[in-house]
A.B. asks: 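If you scroll down you'll find the structure; I have some questions about it.
Just so it is clear: chains get the letters A, B, ... in the order the sequence lines come, proteins before strands, and each one is counted from 1. Since this is a predicted model, take the numbers as computed values, not measurements. The analysis underlying the following values was restricted to heavy atoms, covering all of them including side chains, and did not include hydrogens, waters or symmetry mates.
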There are 2 protein chains.
Amino acid sequence: MEYLDAKEKFISTWGSLGSLWGINKAMAQIQALLFISTKPLSMEDIMEDLKISRGNTSMNLRQLMDWGIVTKVLVSGERKEFFTTEKDVQELAKIVAKERSRREIKPVIKVLEEVSTIKDDGTEKTKELIKQTKALKAITNDLDTLMNKLVDQKQNWLTKSVFKLMK
Amino acid sequence: MEYLDAKEKFISTWGSLGSLWGINKAMAQIQALLFISTKPLSMEDIMEDLKISRGNTSMNLRQLMDWGIVTKVLVSGERKEFFTTEKDVQELAKIVAKERSRREIKPVIKVLEEVSTIKDDGTEKTKELIKQTKALKAITNDLDTLMNKLVDQKQNWLTKSVFKLMK
DNA sequence: TTAAACTTTCAATAATTATTGAAAGTTTAT
DNA sequence: ATAAACTTTCAATAATTATTGAAAGTTTAA
């Protein structure tokens with residue numbers, strides 16, 4: 001496989017995986033492109049490479065910056081803006097986990113909390129609702145906590161030993 | 001909050017969270033409804049409660065069965081089919097993690113593997129592509145493995161002690 | 001067997017989500 | 001101040017995804 005094929009395959013695969021980490025296709029593809037680029041890219045570069053419009057590029061770059069995944073860099077002697085992405089996968093995973101937790105999981109936990117604390121009127125269906133939403137809340141919480149700690153502390157002694165034990 | 005409000009809130013929240021675990025809204029809502037129901041429900045029951053069409057109900061129930069989350073149950077004296085979902089959140093999480101891994105993560109790892117093993121032609125951009133896709137493959141692999149083991153073995157001594165240490 | 005009860009399929013349609021492109025906005029150099 | 005270089009915004013449009021409903025298919029009871 002040649003470089004160009006490999007690059008295209010990587011970008012389109014990563015793009016379609018976007019849904020897994022909660023972002024849209026263009027966003028994921030821009031990030032992928034920056035991720036394998038050896039230098040910062042301008043909006044022109046990105047539009048041209050991915051064949052997407054200026055507006056689309058602008059909006060998705062903004063979102064990537066909101067996530068904290070992409071940053072503007074100043075290239076001396078250049079008027080236009082250049083962009084680069086976090087290159088360390090560890091850091092990337094950490095940011096993604098934190099943002100998804102904040103944007104999606106935490107709000108759900110809040111609703112489960114509300115629902116699971118309704119007044120028990122003694123009926124079977126109310127008891128079941130309370131019981132099941134409590135259980136769901138507990139596991140959602142646990143997995144959320146664990147995921148965050150793991151990506152956060154992947155380097156440290158604890159996780160290293162966990163990994164070893166799990167092999 | 002009354003039972004009906006709580007129920008509605010739970011179903012719609014869980015439904016919109018569907019994207020997080022990779023299924024569509026109707027699918028998630030049907031699962032949510034079954035999850036808090038005290039007895040198996042028929043297709044009629046589900047259509048009526050969620051106000052969705054027969055076709056939609058049929059297709060999404062089928063998908064839930066493909067995932068292994070929902071099963072048909074025979075209710076004696078009844079001609080129509082009844083459905084129920086896995087009620088144990090632990091088991092549920094286990095199934096979801098396994099299925100997502102199989103359907104989405106494993107195929108991506110395969111592509112990353114392919115891309116990261118292209119011939120190194122010595123150019124900087126090829127080196128970068130190889131390096132970054134390798135890194136991405138490694139972390140995707142690790143998190144996939146870890147997630148599966150965790151939900152699989154949540155009960156056991158290892159995870160219990162990890163949780164304790166992380167508190 | 002047959003007809004009623006029930007489920008599945010799938011083409012048509014609706015709803016949602018992503019994308020475009022051009023006008024408006026901003027910044028910078030002179 | 002102004003005009004060129006660049007970015008953002010957003011209404012219109014396209015693409016994608018979900019949903020419907022009715023016809024076709026299946027099962028069961030008599």
A.B. asks: Taking a pair as Watson-Crick or G-U wobble with both distances under 3.5 Å, which nucleotide is matched to D:dA23?
C.D. replies: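 WC or wobble partner is C:dT8.
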
A.B. asks: Taking the minimum atom-to-atom distance to the side chain of B:Lys80, which one of C:dC6, C:dT19, D:dT20 wins?
C.D. replies: C:dC6

A.B. asks: When we call it a touch if two heavy atoms are under 4.0 Å apart, what does A:Arg54 touch: a base, just sugar-phosphate, or nothing?
C.D. replies: base

A.B. asks: Does a side-chain N-to-carboxylate-O contact under 4.0 Å join B:Lys80 and B:Glu44?
C.D. replies: no

A.B. asks: Between A:Lys25 and B:Ala26, which is nearer to the 5' end of DNA chain D once each is assigned its nearest nucleotide?
C.D. replies: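 Looking at DNA chain D, the more 5' nearest nucleotide goes with A:Lys25.
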
A.B. asks: For B:Ser116 and B:Lys134, work out which heavy atoms get closest and say how close.
C.D. replies: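 B:Ser116 and B:Lys134 have their closest heavy atoms at CB-CG, 3.7 Å.
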
A.B. asks: Using the side-chain heavy atoms of B:Arg62, tell me which of these nucleotides is nearest: C:dT9, C:dT19, D:dT8.
C.D. replies: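 Among C:dT9, C:dT19, D:dT8, the one nearest the side chain of B:Arg62 is C:dT9.
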
A.B. asks: Using purine N1 to pyrimidine N3 plus N6-O4 or O6-N4 for Watson-Crick, or N1-O2 and O6-N3 for G-U wobble, both under 3.5 Å, which nucleotide pairs with D:dA14?
C.D. replies: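 Here D:dA14 is engaged in a pair, and the nucleotide opposite it is C:dT17.
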
A.B. asks: Between B:Lys87 and A:Glu128 (salt bridge meaning N to carboxylate O under 4.0 Å), is one present in this structure?
C.D. replies: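 Here B:Lys87 pairs with A:Glu128 in a salt bridge, since their nearest N and O are under 4.0 Å apart.
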
A.B. asks: Atom CG of B:Leu74 to atom C1' of C:dT7: distance rounded to whole Å?
C.D. replies: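 In whole Å, C:dT7 C1' and B:Leu74 CG are 15 Å from each other.
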
A.B. asks: Judged by each residue's nearest nucleotide on DNA chain C, which is more toward the 5′ side, A:Asn60 or B:Lys72?
C.D. replies: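 It is B:Lys72, whose closest nucleotide lies nearer the 5' terminus.
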
A.B. asks: From D:dT8, C:dT19, D:dT19, pick the nucleotide closest to the side chain of A:Ser58?
C.D. replies: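 The nucleotide sitting nearest to the side chain is D:dT8.
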
A.B. asks: Taking atom P of D:dT20 as reference, at what distance in whole Å does atom NZ of B:Lys51 sit?
C.D. replies: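 To the nearest whole Å, that distance equals 12 Å.
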
A.B. asks: Grab the CG-C1' distance between A:Asn24 and D:dA14 for me, whole Å please.
C.D. replies: 15 Å

A.B. asks: Tell me: CD1 of A:Ile30 to P of D:dT7, nearest whole Å?
C.D. replies: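 Checked: the CD1 to P distance equals 13 Å.
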
A.B. asks: Is it the case that B:Asp142 and B:Thr145 place a side-chain donor and acceptor less than 3.5 Å from each other?
C.D. replies: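 Looking only at side-chain atoms, B:Thr145 and B:Asp142 do not form any donor-acceptor pair under 3.5 Å.
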
A.B. asks: May I ask you to say whether B:Lys7 pairs ionically with B:Asp49, meaning some side-chain N is under 4.0 Å from a carboxylate O?
C.D. replies: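 Looking at B:Lys7 and B:Asp49, the cut-off is met.
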
A.B. asks: Measure the distance from CD1 on A:Ile52 to C1' on C:dT20 and round it to the nearest whole Å.
C.D. replies: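 After rounding, the reported distance stands at 11 Å.
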
A.B. asks: Under the 3.5 Å rule, do the base of D:dT27 and the side chain of B:Arg79 count as making a donor-acceptor pair?
C.D. replies: yes

A.B. asks: Give the rounded distance in Å between these two atoms: CG of A:Leu64 and P of C:dA18.
C.D. replies: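 To the nearest whole Å, that distance equals 13 Å.
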
A.B. asks: Between D:dT7 atom P and A:Glu78 atom CD, what is the distance in whole Å?
C.D. replies: 10 Å

A.B. asks: Can you tell me how far P of C:dA22 sits from CE of A:Met47, to the nearest Å?
C.D. replies: 12 Å

A.B. asks: What is the nucleic acid contact for B:Asn56, judged by heavy atoms within less than 4.0 Å: base, sugar-phosphate only, or nothing?
C.D. replies: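 Base contact - B:Asn56 has a heavy atom under 4.0 Å of at least one base atom.
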
A.B. asks: Choose from D:dC10, D:dG21, D:dC6 the nucleotide whose nearest atom is closest to any side-chain atom of A:Met59.
C.D. replies: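 Nearest to the side chain of A:Met59 among the choices is D:dC10.
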
A.B. asks: Please name the nucleotide paired to D:dT2 by Watson-Crick or G-U wobble geometry with both distances under 3.5 Å, or report none.
C.D. replies: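 D:dT2 is paired with C:dA29.
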
